[in-house]
Amino acid sequence: MDTSSTTDGWGETPVKAPKRRRRVRLDTIADTRAEAARIYRKAVNGEVKIEDMSRLINALSVIGRMTIDSDLEARLEALEAG
């Protein structure tokens, strides 16, 4: 039996480094849409539960609305100042 992939040569399983989480940029509506599409694809492929996908995409929807409101507020302030 080949155990080279599961041991470090001394009979013990090597310690794996924790998986790094990637930082998702959600600064624009396009960023938010891309993240929603990524989560949807993961759900379709069975990597994410449908319930989790729904919750995450709903949260992204709220973030998207806040982004739109923030952009609108900044534009309105610029118009009032100008």
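We're numbering straight along the sequence, starting at 1.
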Q | Considering all heavy atoms, the nearest L60-T32 contact | A | O-CG2, 3.3 Å
Q | Spatial distance of atom CD1 (I63) from atom OG (S70) [nearest 0.5 Å] | A | 13.0 Å
Q | Joint hydrophobic cluster, I29 plus L26, side-chain heavy atoms closer than 4.5 Å | A | no
Q. Atom CZ of R55 and atom CG of N58: how far apart are they, to the nearest 0.5 Å?
A. 9.5 Å
Q | From CE (M66) to CD (E73), nearest 0.5 Å | A | 13.0 Å
Q: Apply side chain to side chain donor-acceptor pair (under 3.5 Å) to D31 and list each qualifying residue two or more places apart in sequence or on a separate chain.
A: T28
Q. Is it true that atom CZ of R33 has more than 12 heavy atoms of other residues, nucleotides or ligands lying nearer than 6.0 Å?
A. no
Q. Of the options I50, V44, N45, D52, which is the one that meets V48 in a side chain to side chain contact (heavy atoms under 4.5 Å, CB included)?
A. D52
Q. Which residues pass the salt bridge (Lys or Arg N to Asp or Glu O under 4.0 Å) test with R22, sequence neighbours left out?
A. E35
